[in-house]
Amino acid sequence: MGHGKVWRVTLTGAVLLLAAAARAATDYERAEEHYRRTDYGAALDLLLPLAAKDAAVHALIGKTYYMDGRYKSSAGYLEKAVAEDPGNSGYQDWLGRAYGRLAEEASFLSALPNAKKTRAAFERAVALDPTNLEALSDLFEYYLEAPGIVGGGAEKAEAIAARIRTLDEAEYHYCRAQFAAKGRDRRAEEAELRRAMQLAPGQVGRVLDLAGVLYRQGRYPESEELFGLAGQMEPGSPRLMYSRAAAYIHAGRNLAAAKALLRQYGEARITPDDPSRPEAARLMKSLPR
């Protein structure tokens with residue numbers, strides 16, 4: 001074979017490889033868009049057949065499975081992402097979430113190992129990036145809610161809350177509200193949530209947090225006023241539909257309205273920042289027959 005022919009074959013191979021890489025990049029971008037629109041089946045249809053899967057692809061597959069409620073598959077792919085890019089704080093945080101869901105769904109003996117993995121992943125995420133607010137919030141919640149046998153504890157949660165305060169004052173007061181709720185101090189819980197809402201007046205989630213608490217306290221007119229405010233801030237907000245339905249179901253009131261809201265939610269264009277469709281389905285199942 002002459003040198004010219006070898007060169008042409010090599011060039012052809014390089015062009016084919018570049019074309020394949022371009023197609024893979026395009027498929028990844030399209031999958032990301034499907035993920036953002038919570039069309040998880042379409043995202044997986046694009047991602048799973050990719051021949052060359054790097055850490056970003058494995059992470060997106062893991063996040064997609066997580067949002068679709070398939071936590072074992074989620075953990076498996078996020079483990080691959082972490083193995084390929086161990087210094088990525090975000091991947092570690094998502095892996096902790098997947099382990100956490102597995103722990104919640106398991107029997108007591110099976111839950112312990114996954115709970116410990118949850119803590120380790122969250123702690124690693126925070127160590128890798130001390131400014132990762134999502135990881136700090138996840139670790140705070142873990143420390144606050146988990147028993148000491150798997151590394152939980154109020155003092156640890158206090159320390160994380162103090163770190164959160166340096167990054168987001170409103171989130172810090174939300175953390176204080178969680179402490180108050182755990183201690184059944186309704187007055188303090190409300191005060192902290194009001195402070196969080198004042199500090200972040202543009203965040204509809206802060207309004208919904210307070211509305212939900214007031215509804216659980218039986219202060220229905222005040223709560224409905226806040227739900228109305230949230231609707232003005234974000235007309236047609238899926239989060240509002242879900243939060244309102246959850247408040248009604250928790251109080252055992254307006255159950256027909258709750259069912260209608262959850263049906264609306266099932267047809268709404270949600271994002272990964274909203275409660276997942278499996279969560280909405282579980283809430284719907286909790287309604288009395």
Side-chain angles (χ1 to χ4, degrees), residues 35 54-67 71-72 74-106 111-183 192-193 195-196 199-200 203 205-206 209 271-276 279:
Y35 172 81
D54 60 10
V57 172
H58 283 135
L60 186 54
I61 293 173
K63 288 162 64 176
T64 303
Y65 273 130
Y66 179 95
M67 295 302 297
Y71 304 119
K72 186 173 182 180
S74 172
Y77 276 97
L78 287 164
E79 284 170 349
K80 292 178 182 179
V82 164
E84 292 166 1
D85 188 0
N88 191 301
S89 174
Y91 296 170
Q92 293 279 358
D93 187 38
W94 273 96
L95 179 58
R97 293 176 186 178
Y99 285 146
R101 290 295 191 182
L102 288 175
E104 288 174 3
E105 294 182 346
L112 288 177
N114 281 319
K116 291 177 180 178
K117 288 180 182 179
T118 302
R119 174 178 53 80
F122 286 156
E123 288 176 344
R124 180 64 176 157
V126 169
L128 287 168
D129 182 2
T131 66
N132 185 337
L133 187 58
E134 289 189 355
L136 283 163
S137 296
D138 287 336
L139 184 56
F140 166 81
E141 185 176 346
Y142 181 89
Y143 283 157
L144 185 65
E145 300 297 337
I149 192 173
V150 289
E155 288 185 7
K156 293 180 179 179
E158 287 275 11
I160 296 298
R163 293 173 65 176
I164 288 173
R165 188 172 199 175
T166 66
L167 300 171
D168 188 325
E169 187 78 13
E171 184 66 15
Y172 167 74
H173 284 282
Y174 176 77
C175 292
R176 300 307 315 170
Q178 300 306 103
F179 276 117
K182 199 166 182 66
E192 295 291 355
L193 290 177
R195 183 60 180 148
L199 288 166
Q203 294 180 10
R206 303 298 179 191
D209 289 338
T271 74
D273 293 328
D274 297 313
S276 67
E279 288 177 274

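Since this is a predicted model, take the numbers as computed values, not measurements. Heavy atoms only: backbone and side chains are in, while hydrogens, waters and symmetry mates are out.
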Let me confirm one number: the [atom1]-[atom2] distance from [X] to [Y], rounded to the nearest 0.5 Å.
| X | Y | atom1 | atom2 | answer |
| --- | --- | --- | --- | --- |
| D168 | L133 | CG | CG | 5.5 Å |
| N88 | L95 | CG | CG | 11.5 Å |
| E158 | I160 | CD | CD1 | 11.0 Å |
| W94 | F122 | CH2 | CZ | 10.5 Å |
| D85 | Q92 | CG | CD | 9.0 Å |
| L78 | L60 | CG | CG | 10.0 Å |

Closest approach of [X] and [Y], non-hydrogen atoms and distance?
| X | Y | value |
| --- | --- | --- |
| A98 | S74 | CB-OG, 3.6 Å |
| K117 | Y99 | CB-CD1, 3.4 Å |
| A125 | S89 | O-OG, 2.7 Å |
| I164 | C175 | CD1-SG, 3.7 Å |
| L144 | K182 | O-CE, 3.1 Å |
| F179 | A161 | CE1-CB, 4.4 Å |

Q | Y142 and V150, any side-chain heavy atoms less than 4.5 Å apart | A | yes

Q | Side-chain heavy-atom pair L167, R163 within 4.5 angstrom cut-off | A | no

Donor-acceptor pair, [X] side chain versus [Y] backbone, under 3.5 Å?
| X | Y | value |
| --- | --- | --- |
| N114 | A111 | no |
| E192 | A177 | no |
| K156 | G151 | yes |

(Q) For Y77, does the six-membered ring have the charged nitrogen or CZ of K80 within the cation-pi criterion, i.e. under 6.0 angstrom from the centroid and within 45° of the normal? (A) yes

Q: State whether the number of non-hydrogen atoms from other residues, nucleotides or ligands found under 6.0 Å of E105 atom CD is greater than 12.
A: yes

Q) Does CD belonging to E79 count more than 12 external heavy atoms closer than 6.0 Å? A) yes

Q.
So that I know where these two stand, are Y71 and Y65 an aromatic pair - ring centroids less than 6.0 Å apart?
A. no

Q) Taking it one step at a time, do E171 and R176 satisfy salt bridge (charged side-chain N to carboxylate O under 4.0 Å, His left out)? A) CA-CA 9 Å; E171 184 66 15; R176 300 307 315 170; over 6 Å; no

Q: May I have the step-by-step check of side-chain contact (heavy atoms from CB on, under 4.5 Å) for Y91 and H58, ending in yes or no?
A: CA-CA 10 Å; Y91 296 170; H58 283 135; over 6 Å; no

Q. Below 4.0 angstrom, N of the basic side chain to O of the carboxylate: do R119 and E123 qualify?
A. yes

Q | Audit row: F140, Y172, ring-ring contact (aromatic ring centres under 6.0 Å, His included) steps and yes/no | A | CA-CA 10 Å; F140 166 81; Y172 167 74; 9.2 Å; no

Q: Could you check R206 against R195 for side-chain contact (heavy atoms from CB on, under 4.5 Å), going step by step and ending with a plain yes or no?
A: CA-CA 9 Å; R206 303 298 179 191; R195 183 60 180 148; over 6 Å; no

